[in-house]
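What follows is a short report on a single structure.
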Amino acid sequence: LLPEDANLVEYWEEAFKDNDKNAIVCAELGKAYLLYGDLENGREHIMEAYKLNPDNCSLLLDLARATMMNAMQNRDTLLAEQALLSFEDFLDSDDNIPASLKAYAYGMMGLTSYRALNDTDMGDKYMQLKDEQDPFCTKAFGPPSPLLFTKLDELSTSVSYYSRPY
(Lines give C-alpha, C1' and ligand atoms only; values in the text may rest on other atoms or scores of the structure.)
Protein backbone atom coordinates (compact mmCIF):
# COMPACT_ATOMS: atom_id res chain seq x y z
CA LEU A 1 0.00 0.00 0.00
CA LEU A 2 1.09 3.53 -0.69
CA PRO A 3 1.59 5.91 2.22
CA GLU A 4 -1.19 8.46 2.65
CA ASP A 5 1.08 11.30 1.59
CA ALA A 6 2.23 9.57 -1.60
CA ASN A 7 1.83 11.51 -4.83
CA LEU A 8 -0.54 9.37 -6.89
CA VAL A 9 0.30 11.13 -10.16
CA GLU A 10 3.99 10.31 -9.71
CA TYR A 11 3.16 6.72 -8.81
CA TRP A 12 0.91 6.16 -11.84
CA GLU A 13 3.26 8.09 -14.17
CA GLU A 14 5.98 5.62 -13.21
CA ALA A 15 3.66 2.68 -13.90
CA PHE A 16 2.59 4.29 -17.18
CA LYS A 17 6.17 4.40 -18.50
CA ASP A 18 6.20 0.62 -18.97
CA ASN A 19 2.44 0.11 -19.39
CA ASP A 20 1.20 2.89 -21.66
CA LYS A 21 -1.12 0.50 -23.52
CA ASN A 22 -2.70 -0.86 -20.34
CA ALA A 23 -6.23 0.50 -19.95
CA ILE A 24 -6.22 0.15 -16.17
CA VAL A 25 -2.95 2.07 -15.78
CA CYS A 26 -4.20 4.81 -18.14
CA ALA A 27 -7.46 5.07 -16.21
CA GLU A 28 -5.75 5.23 -12.82
CA LEU A 29 -3.31 7.87 -14.06
CA GLY A 30 -6.26 9.89 -15.37
CA LYS A 31 -8.09 9.56 -12.05
CA ALA A 32 -4.96 10.64 -10.18
CA TYR A 33 -4.78 13.78 -12.30
CA LEU A 34 -8.47 14.41 -11.64
CA LEU A 35 -7.87 13.99 -7.91
CA TYR A 36 -5.27 16.76 -8.04
CA GLY A 37 -7.54 19.02 -10.08
CA ASP A 38 -5.79 18.63 -13.45
CA LEU A 39 -8.80 18.10 -15.70
CA GLU A 40 -6.85 18.42 -18.94
CA ASN A 41 -4.39 15.59 -18.22
CA GLY A 42 -7.09 13.60 -16.44
CA ARG A 43 -9.35 13.79 -19.48
CA GLU A 44 -6.49 12.84 -21.82
CA HIS A 45 -5.65 9.66 -19.90
CA ILE A 46 -9.26 8.67 -19.20
CA MET A 47 -10.04 8.97 -22.92
CA GLU A 48 -6.93 6.93 -23.77
CA ALA A 49 -8.08 4.24 -21.33
CA TYR A 50 -11.53 4.29 -22.94
CA LYS A 51 -9.99 3.89 -26.41
CA LEU A 52 -8.02 0.90 -25.13
CA ASN A 53 -11.14 -0.61 -23.53
CA PRO A 54 -14.32 0.82 -25.08
CA ASP A 55 -16.44 -1.64 -23.09
CA ASN A 56 -15.66 0.38 -19.95
CA CYS A 57 -18.04 3.28 -20.51
CA SER A 58 -18.08 3.92 -16.76
CA LEU A 59 -14.83 5.82 -17.36
CA LEU A 60 -16.86 8.40 -19.26
CA LEU A 61 -19.24 8.65 -16.32
CA ASP A 62 -16.29 9.16 -13.95
CA LEU A 63 -14.95 11.92 -16.19
CA ALA A 64 -18.35 13.60 -16.37
CA ARG A 65 -18.73 13.51 -12.58
CA ALA A 66 -15.25 14.95 -12.02
CA THR A 67 -15.93 17.73 -14.51
CA MET A 68 -19.29 18.46 -12.88
CA MET A 69 -17.75 18.66 -9.41
CA ASN A 70 -15.02 21.02 -10.61
CA ALA A 71 -17.63 23.18 -12.33
CA MET A 72 -19.66 23.44 -9.14
CA GLN A 73 -16.67 24.04 -6.86
CA ASN A 74 -15.27 26.76 -9.12
CA ARG A 75 -18.62 28.19 -10.25
CA ASP A 76 -17.44 27.71 -13.82
CA THR A 77 -20.25 27.70 -16.37
CA LEU A 78 -17.97 26.58 -19.23
CA LEU A 79 -16.93 23.54 -17.21
CA ALA A 80 -20.59 22.89 -16.37
CA GLU A 81 -21.43 22.84 -20.07
CA GLN A 82 -18.47 20.52 -20.65
CA ALA A 83 -19.80 18.26 -17.88
CA LEU A 84 -23.17 18.05 -19.63
CA LEU A 85 -21.41 17.07 -22.85
CA SER A 86 -19.41 14.44 -20.97
CA PHE A 87 -22.61 12.97 -19.54
CA GLU A 88 -24.03 12.92 -23.09
CA ASP A 89 -20.89 11.07 -24.26
CA PHE A 90 -21.53 8.48 -21.56
CA LEU A 91 -25.19 8.10 -22.53
CA ASP A 92 -24.26 7.75 -26.22
CA SER A 93 -21.41 5.30 -25.60
CA ASP A 94 -23.40 2.08 -25.27
CA ASP A 95 -26.90 1.03 -26.28
CA ASN A 96 -27.05 -1.37 -23.33
CA ILE A 97 -26.57 1.03 -20.44
CA PRO A 98 -29.07 -0.02 -17.74
CA ALA A 99 -32.00 2.34 -17.25
CA SER A 100 -31.01 3.13 -13.66
CA LEU A 101 -27.53 4.25 -14.79
CA LYS A 102 -29.09 6.39 -17.51
CA ALA A 103 -31.42 7.84 -14.89
CA TYR A 104 -28.45 8.55 -12.64
CA ALA A 105 -26.67 10.40 -15.47
CA TYR A 106 -29.78 12.46 -16.25
CA GLY A 107 -30.11 13.28 -12.54
CA MET A 108 -26.52 14.53 -12.43
CA MET A 109 -27.20 16.58 -15.57
CA GLY A 110 -30.22 18.08 -13.84
CA LEU A 111 -28.16 18.87 -10.76
CA THR A 112 -25.48 20.51 -12.93
CA SER A 113 -28.13 22.56 -14.72
CA TYR A 114 -29.72 23.72 -11.47
CA ARG A 115 -26.61 24.45 -9.44
CA ALA A 116 -23.87 25.38 -11.91
CA LEU A 117 -25.87 26.94 -14.72
CA ASN A 118 -28.84 28.28 -12.73
CA ASP A 119 -31.09 26.93 -15.49
CA THR A 120 -34.25 25.59 -13.89
CA ASP A 121 -35.94 24.73 -17.20
CA MET A 122 -33.02 22.62 -18.39
CA GLY A 123 -32.70 21.02 -14.95
CA ASP A 124 -36.41 20.14 -14.96
CA LYS A 125 -36.03 18.60 -18.44
CA TYR A 126 -33.19 16.35 -17.28
CA MET A 127 -35.06 15.39 -14.11
CA GLN A 128 -38.07 14.40 -16.21
CA LEU A 129 -35.81 12.21 -18.36
CA LYS A 130 -34.39 10.71 -15.15
CA ASP A 131 -37.88 9.85 -13.89
CA GLU A 132 -38.84 8.35 -17.27
CA GLN A 133 -35.83 6.04 -17.12
CA ASP A 134 -36.23 5.04 -13.47
CA PRO A 135 -38.72 6.73 -11.15
CA PHE A 136 -36.93 5.13 -8.17
CA CYS A 137 -33.45 6.32 -9.17
CA THR A 138 -30.98 6.74 -6.35
CA LYS A 139 -30.61 10.18 -4.88
CA ALA A 140 -27.08 9.32 -3.80
CA PHE A 141 -24.23 11.28 -5.33
CA GLY A 142 -22.26 8.16 -6.28
CA PRO A 143 -23.38 6.06 -9.25
CA PRO A 144 -24.88 2.60 -8.78
CA SER A 145 -22.24 -0.12 -8.93
CA PRO A 146 -21.94 -2.07 -12.22
CA LEU A 147 -22.14 -5.21 -10.08
CA LEU A 148 -25.85 -4.51 -9.62
CA PHE A 149 -26.36 -5.13 -13.33
CA THR A 150 -24.47 -8.41 -13.67
CA LYS A 151 -26.68 -11.25 -14.86
CA LEU A 152 -27.02 -14.12 -12.40
CA ASP A 153 -25.28 -16.58 -14.74
CA GLU A 154 -22.44 -14.20 -15.62
CA LEU A 155 -19.08 -13.57 -13.99
CA SER A 156 -18.39 -9.91 -13.32
CA THR A 157 -15.07 -8.42 -14.37
CA SER A 158 -15.85 -5.14 -12.65
CA VAL A 159 -13.29 -3.98 -10.12
CA SER A 160 -13.99 -1.08 -7.79
CA TYR A 161 -12.65 0.42 -4.62
CA TYR A 162 -13.14 3.50 -2.54
CA SER A 163 -10.33 5.71 -3.84
CA ARG A 164 -12.41 7.45 -6.47
CA PRO A 165 -11.40 11.09 -6.40
CA TYR A 166 -14.91 12.41 -7.04
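Below, all heavy atoms of this structure are taken into account, side chains as well, without hydrogens, waters or symmetry copies. Source: prediction; values computed, not measured.
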Inset, instruction - Heavy atoms only: give me the nearest A23-N53 pair and the separation to one decimal. - result: CB-CB, 3.9 Å

Legend entry - Which residues share a side-chain contact (heavy atoms from CB on, under 4.5 Å) with P135, sequence neighbours left out: none

Inset, instruction - Establish whether L2 and W12 are linked, either directly or via other cluster members, by ILVMFWY side-chain heavy-atom contacts under 4.5 Å. - result: yes

Inset, instruction - Please say whether more than 12 non-hydrogen atoms of neighbouring residues, nucleotides or ligands are located less than 6.0 Å from CD in E40. - result: no

Legend entry - Remaining members of the apolar cluster that contains M127, side-chain heavy atoms under 4.5 Å: Y114

Legend entry - Which residues share a side-chain contact (heavy atoms from CB on, under 4.5 Å) with E4, sequence neighbours left out: none

Inset, instruction - First locate atom NZ of K102, then atom CZ of F87, and finally report the distance between them rounded to the nearest 0.5 Å. - result: 15.5 Å

Legend entry - Nearest atoms (heavy-atom pairs only) where L61 meets P143: CD2-CB, 3.8 Å

Legend entry - Gap between atom CG of L111 and atom CE of M68 - 0.5 Å precision: 5.5 Å

Inset, instruction - Enumerate the residue pairs fulfilling ring pair (Phe, Tyr, Trp, His ring centres under 6.0 Å) with a member in residues 38-74, sequence neighbours excluded, ordered by first and then second residue. - result: F16-H45, Y33-H45

Inset, instruction - Could I get the full list of side chain to side chain donor-acceptor pair (under 3.5 Å) partners for Y104, not counting sequence neighbours? - result: R65

Legend entry - Linked hydrophobic residues, L152 as query - side chain contacts closer than 4.5 Å: none

Legend entry - Shortest non-hydrogen contact from C26 toward A49: CB-CB, 3.7 Å

Inset, instruction - Provide the full list of side-chain hydrogen bond (donor to acceptor under 3.5 Å, both in side chains) pairs with a residue in residues 128-143, sequence neighbours left out, each pair given once. - result: Q128-E132

Inset, instruction - Can you sort out the partners of D94 under side chain to side chain donor-acceptor pair (under 3.5 Å), two or more places apart, ordered by chain and number? - result: none

Inset, instruction - Tell me, please, which residues at least two apart from I24 pass side-chain contact (heavy atoms from CB on, under 4.5 Å). - result: N22, E28

Legend entry - Pairs touching residues 71-88 that satisfy side-chain hydrogen bond (donor to acceptor under 3.5 Å, both in side chains), sequence neighbours left out: R43-S86

Legend entry - Nearest-0.5 Å distance, OG1 of residue T67 to CE of residue M108: 14.0 Å

Inset, instruction - Of all the heavy-atom pairs spanning L101 and F90, show the shortest one and how long it is. - result: O-CE2, 4.1 Å

Inset, instruction - Specify the closest pair of heavy atoms between S93 and C57, including all atoms of both residues, with the distance to one decimal. - result: OG-CB, 3.1 Å

Inset, instruction - First locate atom CG of L29, then atom CG of L34, and finally report the distance between them rounded to the nearest 0.5 Å. - result: 9.5 Å

Inset, instruction - Find the distance between OH (Y36) and CD (E10) and round it off to the nearest 0.5 Å. - result: 8.0 Å

Legend entry - Any residue meeting salt bridge (charged side-chain N to carboxylate O under 4.0 Å, His left out) with E14, in chain and number order, not counting sequence neighbours: K17

Inset, instruction - Return the minimal non-hydrogen interatomic distance between A116 and A80, and the atom names on each side. - result: CB-CB, 3.6 Å

Legend entry - Option from L52, L59, L63, D89 for which side chain to side chain contact (heavy atoms under 4.5 Å, CB included) with M47 holds: L63

Legend entry - Nearest-0.5 Å distance, CG of residue L84 to CG of residue L79: 11.0 Å

Legend entry - Partner set under side chain to side chain donor-acceptor pair (under 3.5 Å) for N56, not counting sequence neighbours: S58

Legend entry - Hydrophobic cluster identity match, M122 and L85, side-chain contacts under 4.5 Å: no

Inset, instruction - Using a 4.5 Å cut-off on heavy atoms from C-beta on, say whether the side chain of M109 contacts that of L129. - result: no

